[in-house]
Amino acid sequence: MPTQRKQVLVFRELPPAQLDRIARAHDVTVADPRQPGQRAAFDAALPTAQGMIGASFPIDEAVLARAPQLSVVSSISVGVDNYALAEMHRRGILLCHTPGVLTETTADTIFALVMATSRRLVELANLVRDGGWTRNIGEDLFGSDVHGKTIGIVGFGRIGQAVARRAALGFGMPVLYHARRPAEAPELDGHARQASLEQLLAESDIVVVTLPLSDATRGLMGAREFGLMKPGAIFINGARGAIVQEAALLDALDRGTLKAAGLDVFATEPLPFDSPLRTHPRVTALPHIGSATHETRQAMAALATTSLLQALAGERPAAVYDTGSASA
Ligand SMILES: NC(=O)C1=CN([C@@H]2O[C@H](COP(=O)(O)OP(=O)(O)OC[C@H]3O[C@@H](n4cnc5c(N)ncnc54)[C@H](O)[C@@H]3O)[C@@H](O)[C@H]2O)C=CC1
Ligand SMILES: O=C(O)C(=O)CO
């Protein structure tokens, strides 16, 4: 029996094939509140919305309060820091997300940052582009090895372990990881060792953050933590900007504690034009492209759409986030 048509608010652009899947079964409003001309349509659709799908916009308590009919929100992201989790739990609103389909792509991006910072790839490619390659480069422009270096991974879930596989199995790097419990990752046996955060920071040549943003992780990397890192270490953030105190990161770079930082994410996105991180000579900054490949963004949109349709049909979606847990 076909399900009754419901009201769906799409708050971020969806590929046409996914939009069609939703529109065949339900009445759709497409309104991205980040676009100035669409905010009014978004606001107008909230009172009747029964399902929502989108990303990159905070669905906070104020938004939820204006959506009394809402039963499911499907996020086209694995991170759920944009959602008022406790309020969704209280109201029994399902939250779907996109674990797994972006793991390998995001790990590729993070490893690209490891390579780019260690070997100074962006800086030296720009030297060639700017006509500065007029003689053989000298020691002042040498990088540092990646293979064989110790990598410390803070947060050892899907993406953290995918980074560890690249590091350990591809580059012969010993892996330290900070996690709340020992990882079940047989392919990393003999390659990866659990450590306290302090031990990991003190012993790693390259520190990579792959934690979710939560009350427990907001601002986790501050002056104390950067101060514990090896002089000349490299710091990579592929998770969420707000996990890092950016002033402390800049200070550690300027004092020379850190050799370089590779950042895909920032406390404020897009990165403000006047942010010192944008132009710092030893920062490689990317515009939040962890999962941004054609293949992966299609897969994320398809999974989020499937979950939304399943939830609206009264079925249990495959990828539901447990809003009752404090964090992932
Ligand atoms: N740069 C980008 O474009 C992307 C960023 N992300 C970010 O990466 C995060 C991780 O994604 P997944 O690996 O799929 O999630 P996951 O849930 O598989 O892994 C997160 C791990 O961190 C652990 N953890 C949580 N709080 C902790 C704490 N306080 N101390 C120690 N460990 C803690 C969890 O137990 C879990 O093992 C997402 O939440 C998202 O914010 C994800 C995809 C793309
Ligand atoms: O999925 C996420 O959490 C992202 O940051 C973008 O893919």
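Whatever order the structure lists them in is the order used to number ligands and atoms, beginning at 1. Keep in mind it's a predicted model, so treat the numbers as computed, not measured. For the numbers below, each heavy atom of this structure counts, side chains included, while hydrogens, waters and symmetry mates do not.
Atoms of ligand 1 found under 4.0 Å from any heavy atom of F156, numbered from 1 in the order shown, are 37 (O). The atoms of ligand 2 that sit less than 4.0 Å from any heavy atom of H288 are 4 (C), 5 (O), 6 (C). Interface of D264 with ligand 1, defined as ligand atoms under 4.0 Å from a residue heavy atom, comprises 1 (N), 2 (C), 3 (O). Near S77, with a cut-off below 4.0 Å to any heavy atom, the atoms of ligand 2 are 1 (O), 2 (C), 3 (O). When each atom of ligand 1 is checked for a heavy atom of T217 under 4.0 Å away, the hits are 29 (N). Interface of H288 with ligand 1, defined as ligand atoms under 4.0 Å from a residue heavy atom, comprises 1 (N), 2 (C), 3 (O). Every atom of ligand 1 is numbered from 1 in the order shown, and the set under 4.0 Å from a heavy atom of T210 is 10 (C). Contact atoms of ligand 2 toward G79: 1 (O), 2 (C), 3 (O) (distance under 4.0 Å to a heavy atom of the residue). Applying the 4.0 Å criterion to heavy atoms of L102 picks out, from ligand 2, the atoms 1 (O), 7 (O). Atoms of ligand 1 found under 4.0 Å from any heavy atom of S291 (numbered from 1 in listed order, with element): 3 (O).
Taking a 4.0 Å cut-off on heavy atoms, P99 fails to register as neighbouring ligand 1.
K149 meets the side chain to side chain donor-acceptor pair (under 3.5 Å) test with no other residue; sequence neighbours excluded.
Inclusion of G290 in the set of residues having an N or O under 3.5 Å from an N or O of ligand 1 is warranted. On a distance-only criterion, T103 and ligand 1 share no N/O pair closer than 3.5 Å. Polar contact with ligand 1: present for R240 (N/O pair, distance under 3.5 Å). Annotation: G238 places an N or O atom under 3.5 Å from an N or O atom of ligand 1; distance criterion only. The shortest N/O to N/O separation between I159 and ligand 1 falls below 3.5 Å. The shortest N/O to N/O separation between R181 and ligand 1 does not fall below 3.5 Å.
Around atom 7 (C) of ligand 1, the closest heavy atom drawn from A239, G79, G100 belongs to A239. Considering only non-hydrogen atoms, atom 3 (O) of ligand 2 lies nearest to R240 out of E269, M300, R297, R240. Between L220, V209, L211, V265, it is L211 that holds the heavy atom closest to atom 9 (C) of ligand 1. The closest heavy-atom contact to atom 18 (O) of ligand 1, among the options H97, R158, M300, comes from R158. When the heavy-atom distances from atom 39 (O) of ligand 1 to G155, P212, A107 are ranked, the shortest goes to P212.
Within the structure, side-chain hydrogen bond (donor to acceptor under 3.5 Å, both in side chains) pairs that include any residue of residues 59-74 comprise D43-R66 (at least two apart or interchain).
Contacts with ligand 1 closer than 4.0 Å are made by side-chain heavy atoms of V78 only, the backbone lying farther away.
Side-chain N or O atoms of S325 include one that pairs as donor or acceptor with a backbone N or O of D322 at under 3.5 Å. Between the side chain of R282 and the backbone N or O of L258, at least one donor-acceptor pair lies under 3.5 Å. Remark: side-chain polar atoms of R5 are paired, donor with acceptor, to backbone N or O of R24 under 3.5 angstrom.
Judged purely by distance below 3.5 Å, without hydrogens or angles, the side chains of D32 and Q38 never pair a donor atom with an acceptor atom. No side-chain donor from either of T106 and T109 sits under 3.5 Å from a side-chain acceptor of the other. Under the 3.5 Å distance criterion, with hydrogens and angles disregarded, no donor-acceptor pair is assigned to the side chains of R297 and T105.
Between L309 and I22, the closest heavy-atom pair is CD2-CA, 4.1 Å.
Cation-pi geometry between R166 and F171 is not met at under 6.0 angstrom from the ring centre and within 45 degrees of the axis.
When hydrophobic clusters are built by joining Ile, Leu, Val, Met, Phe, Trp and Tyr residues whose side-chain heavy atoms come closer than 4.5 Å, directly or via intermediates, I159 is grouped together with I234.
A side-chain contact (heavy atoms from CB on, under 4.5 Å) with F266 is found for exactly one of L286, V244, L277, namely L277. Just one residue in the list D254, V283, L250, L253 forms a side-chain contact (heavy atoms from CB on, under 4.5 Å) with P276, and that residue is L250.
What sits closest to atom 7 (O) of ligand 2 on the protein, heavy atoms only, is S291 OG, 2.5 Å. Looking from atom 1 (O) of ligand 2 to the surrounding protein, the closest heavy atom is V78 N, 2.8 Å.
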N237 and F235: side-chain contact (heavy atoms from CB on, under 4.5 Å), yes or no, with the steps?
-> CA-CA 7 Å; N237 188 2; F235 177 74; 4.0 Å; yes

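The side-chain heavy atoms of Q298 and P15, taken from C-beta on, include a pair separated by under 4.5 Å.
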